[in-house]
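By convention in this document, chain letters (A, B, ...) are assigned in the order of the sequence lines, proteins followed by strands, and residues within each chain are numbered from 1.
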Amino acid sequence: MSDSDSIVAETAARIFADLADPQTVNAAKDQAWKAPLWSALEENGLTLAWVPDDLGGTGASLADGFEVISVAGRFAAPVPVMETLLAGWLLTQGRIASPAGMMTLAPMRPKDRITLGGDGMLTGRARGIPFAGDAAHVAVLAHGPKGAVVALAETKSARIAETRGIAGNTVFELTFDKAKPLQVADAPAGFSQETLMLMGATVRSLASAGALAAILDISVRYAGERVAFEKTISKFQAVQHNLARLAGESAAASAVATSAADAISSAVTLAAPGIYLEAASARIRTAEAATEGSAIAHQVHGAIGYTKEHILHRYTQRLLTWRDDFGNESQWAVDLGTKVAAAGADELWPLVASR
Amino acid sequence: MTTALNFDPIRLPKECEDLRKEVRAFIKQEIAAGTWDPSAVGRDEAFNYDFSRKVGEKGWIGLTWPKKYGGHERTFLERYVVTEEFRVANAPTRVFFTADRQSGPTLLKYANEDIKMDILPRICRGECCFGIGMSEPGSGSDLFAASTKATKVDGGWLINGSKIWTSNAHRADYLIAIFRTSPPTRENRRHGLTSFLVDMKNTKGITCNPIIQLSGLHEFNEVVFEDAFMPDAHLLGEKDGAWKQATSELAYERSGPERFLETFQVMIELVRVLGEKPDARGAEGLGRLVAQLHTLRRMSVSVNGMLQAGKEPVVEGSVVKDLGTIWEQKLPHKVREIAAFVEPEDTANRVAFEEQLAFATTIAPKLTIQGGTTEVLRGIIAAGLGLRGR
């Protein structure tokens, strides 16, 4: 990690700790914390880190942006900082300037398809879109008559339906029905919906690793405080071994996600050899860790972890939800397995050893 | 303050990839020459002194050790590449594997100059085989309950008692073993054990009794000591302080590619029987395995990067072995399920797959026991989380 990365990470961590402490946010009766938090993130240039200066951003490196995402995961970010980063990155692919404020993006599922008609209108449905109620703008990857295009649209140009997600978390379904985008530009050659899924999957993997690190901390601390059978539950070997497993899942998620982010940060193009293996593996393994890790953290906490009052659900609910964004682990596994099988048995080890 | 472990994304530098090419070319040439059959299972051909000497000539044993002792002063990451390529090719490395991984480094740190000058160059030439004498009939995972006794006599020590599950002992030139030199103290039950270099070929009073494993192979032994004499110079490190030495060396033993690749052959054969276009069920199963394997390898490379940087990543090494051995243990069972509906057209592929699957399934139970059980590892990880004392 270079010094500049640390500064970005420290800035992000300080803002979240000061303005979005999970305990405070969880206990808040209203959304008053939201505006100051977003302003601080925006003023420090963290939300458009992946957008160059001339397109309205701060032109930070990919590595810096990934640092922000790790921190956002660690704090179960209650604002669309990851979505805005990704939306800005997507718009930049088409050299479209990013507006200020919160953004979200569509599609976020590999099989959802939005098209740009010959009339310049967007049509199609995108499921599982977070923060559509907060974000004024949505960055869209659409299929145009001559190939992939990037578009900036007002979120309200789509029909927005609320859907109930895990633990009552609201996600949205956006339906574009001949919606008029604000701007449209061709995506660069070779850029496709798969490219967006690959980048998005890496972002969610890294955030998941951050959230897993957080629930490990929270669980270890709780086990050291809670007394049962006349000793803290951390003294019970069964609990220790569960926490050791959680540490293993957290470590695996962190290792594979950090590796994928590092690979992308130092690659010239997302089509470079090895990036696909790194990103697909990160998505698959962090989603598996999310499933295992969330269950262990809840088990360690007992009933108190299954309350609105406790902060644990802020992390576990996001961990479980994020599994479905930009392709879930089953979809990525089928795709990765298909590619490995097509290359043949003798290429399996060379592929793994190439990273 | 965070309890989570960091695994920095270490990349293998160019010299590693150059070395990998050399190692692969050598393996290809040796397989073509019939030195070993990489697809052979359950045959005791891993002890191969000819092969071992050739590897020594290549300069691939003692890769990280000082040149003065026959080593090559290269990096842990280069050693990593050699180890993983040999492991994946099923190369017959048994003669030098233990000496190269941990006995040599122990001697480097604790043996006197004469011993180092005598033994280390022989290891590097591929002529010297080591075993490790830890477990006893009454003490396995509870290492510090060892009772085989070393009694001080003029010029050395007399050993009485026995070691068990000692791999290689029937062929080894030396063991590095721990013996009891003092009783444990009330404050420290780990006190009182001392590490010794045991000359297996030139010491009277040592008997080696074979123990045949479930797989039909003979790796294990019971080693009985009856007034076996160890000269003073063979005491390694601090008297009564072996526990301090043992724990810091565990990262070497626990983080290598051999901790997740023991059953990997069955995954290669799975890809062969699945064919070029598996159905979704086969593809998903394979894809998950590849993702999990990639993750383990990235973790393992990262720990070896920490070793290269002079750190002692004991907890990180334990995490790699815990996750890695459970993965390689489950691998044959997962592969069996993934292949349940597959009917390979090619008979040779089918037979190879079934043989590898049977062998991997047979050896699977030992993988989470040898070199530190899952339970012991989780205890170390829990200690790293601050939940208990070390």
A.B. asks: As an exercise: rank B:Glu85, B:Arg297, B:Arg272 by heavy-atom pairs under 4.5 Å with chain A and give me the winner.
C.D. replies: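 Between B:Glu85, B:Arg297, B:Arg272, the count favours B:Arg297.
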
A.B. asks: With a 4.5 angstrom heavy-atom cut-off, is it the side chain or the backbone of B:Arg288 that approaches chain A, or both, or neither?
C.D. replies: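 Interface part for B:Arg288: both.
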
A.B. asks: Considering only heavy atoms, which portion of A:Glu278 lies under 4.5 Å from any heavy atom of chain B: side chain, backbone, both, or neither?
C.D. replies: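 Looking at A:Glu278, backbone and side chain both touch chain B.
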
A.B. asks: Look at the side chain of A:Asp217 and the backbone N and O of B:Thr3, then say whether any donor-acceptor pair between them is shorter than 3.5 Å.
C.D. replies: yes

A.B. asks: Please classify the contact between B:Arg281 and chain A as side chain, backbone, both or neither, with a heavy-atom cut-off of under 4.5 Å.
C.D. replies: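 Neither; nothing under 4.5 Å.
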
A.B. asks: Any salt bridge linking B:Arg11 with A:Asp262? Criterion: basic side-chain nitrogen under 4.0 Å from a carboxylate oxygen.
C.D. replies: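 Yes, B:Arg11 and A:Asp262 are salt-bridged.
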
A.B. asks: For the side chain of B:Glu84 and the backbone of B:Pro257, is there at least one donor-acceptor N/O pair under 3.5 Å apart?
C.D. replies: no

A.B. asks: Measure distances from B:Leu385 to the heavy atoms of chain A and classify the residue's part below 4.5 Å as side chain, backbone, both or neither.
C.D. replies: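 Its backbone and side chain both get close to chain A.
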
A.B. asks: Heavy-atom cut-off 4.5 Å, strictly under: side chain, backbone, both or neither for A:Ala353 against chain B?
C.D. replies: both

A.B. asks: Most heavy-atom pairs under 4.5 angstrom with chain B, which of A:Ser234, A:Ala252, A:Ser254?
C.D. replies: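 Looking at each of A:Ser234, A:Ala252, A:Ser254 in turn, A:Ala252 comes out on top.
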
A.B. asks: Are the side chain of B:Trp36 and the backbone of B:Asn90 linked by a donor-acceptor contact shorter than 3.5 Å?
C.D. replies: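 Such a contact is found between B:Trp36 side chain and B:Asn90 backbone.
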
A.B. asks: Of all of A:Leu243, A:Leu212, A:Val239, which one pairs up most often with chain B through heavy atoms under 4.5 Å apart?
C.D. replies: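 When all of A:Leu243, A:Leu212, A:Val239 are compared, A:Leu243 has the most.
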
A.B. asks: Heavy-atom cut-off 4.5 Å, strictly under: side chain, backbone, both or neither for B:Glu316 against chain A?
C.D. replies: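 Neither part.
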
A.B. asks: Has B:Gln356 got a side-chain atom pairing as donor or acceptor with B:Ser39's backbone, closer than 3.5 angstrom?
C.D. replies: yes

A.B. asks: Do the two ring centres, one from A:Trp332 and one from A:Phe326, sit under 6.0 Å apart?
C.D. replies: no

A.B. asks: Tell me which of these, A:Lys339, A:Glu249, A:Arg245, A:Gln331, has more heavy-atom pairs under 4.5 Å with chain B than the rest.
C.D. replies: A:Arg245

A.B. asks: Does any heavy atom of chain A fall under 4.5 Å from the side chain of B:Leu261, the backbone, both, or neither of them?
C.D. replies: side chain

A.B. asks: Hydrogens and angles aside, do A:Tyr315 and A:Ser294 bring a side-chain donor and acceptor to less than 3.5 Å of each other?
C.D. replies: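 Side chains of A:Tyr315 and A:Ser294: no pair found under 3.5 Å.
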
A.B. asks: Applying salt bridge (Lys or Arg N to Asp or Glu O under 4.0 Å), which residue pairs with at least one partner in residues 223-242 of chain A are found, sequence neighbours left out?
C.D. replies: none

A.B. asks: Report which part of A:Ala282 has an atom under 4.5 Å of a heavy atom belonging to chain B: side chain, backbone, both, or neither.
C.D. replies: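 Contact with chain B is absent: no heavy atom of A:Ala282 under 4.5 Å.
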
A.B. asks: Name the option with the most non-hydrogen atom pairs under 4.5 Å to chain B; the candidates are A:Gly344, A:Ala263, A:Ala341.
C.D. replies: A:Ala341

A.B. asks: Just so I understand: if I count every heavy-atom pair under 4.5 Å between each of A:Leu336, A:Val340, A:Leu351 and chain B, which residue has the most?
C.D. replies: A:Leu336

A.B. asks: In terms of heavy-atom pairs under 4.5 Å, which option from B:Glu17, B:Met267, B:Glu269, B:Lys277 contacts chain A the most?
C.D. replies: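 Ranked by heavy-atom pairs under 4.5 Å with chain A, first place is B:Met267.
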
A.B. asks: Would you mind checking which part of A:Ser250 comes under 4.5 Å of any heavy atom in chain B, side chain (CB onward), backbone (N, CA, C, O), both or neither?
C.D. replies: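 Side chain only.
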
A.B. asks: Please identify each residue that fulfils side chain to side chain donor-acceptor pair (under 3.5 Å) with B:Thr263, with sequence neighbours left out.
C.D. replies: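 Scan of B:Thr263 (side chain to side chain donor-acceptor pair (under 3.5 Å), adjacent residues dropped) gives none.
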
A.B. asks: Below 4.0 angstrom, N of the basic side chain to O of the carboxylate: do B:Asp18 and B:Lys14 qualify?
C.D. replies: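 A salt bridge links B:Asp18 with B:Lys14.
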
A.B. asks: Count the heavy-atom pairs under 4.5 Å between each of A:Glu329, A:Arg355, A:Glu347 and chain B, then report the option with the highest count.
C.D. replies: A:Arg355

A.B. asks: Which atoms of A:Ser259 are under 4.5 Å from chain B, going by heavy atoms: the side chain, the backbone, both sets, or neither?
C.D. replies: both

A.B. asks: Do NZ/NE/NH1/NH2 and the carboxylate oxygens of B:Glu375 and B:Arg378 come within less than 4.0 Å?
C.D. replies: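 Salt bridge between B:Glu375 and B:Arg378, a charged N being under 4.0 Å from a carboxylate O: no.
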
A.B. asks: So does B:Glu337 pair up with B:Lys334, basic N to acidic O under 4.0 Å?
C.D. replies: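 No, no charged N to carboxylate O under 4.0 Å.
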
A.B. asks: Please identify, among B:Leu323, B:Val273, B:Ile326, the residue contributing the most non-hydrogen atom pairs under 4.5 Å to chain A.
C.D. replies: B:Leu323

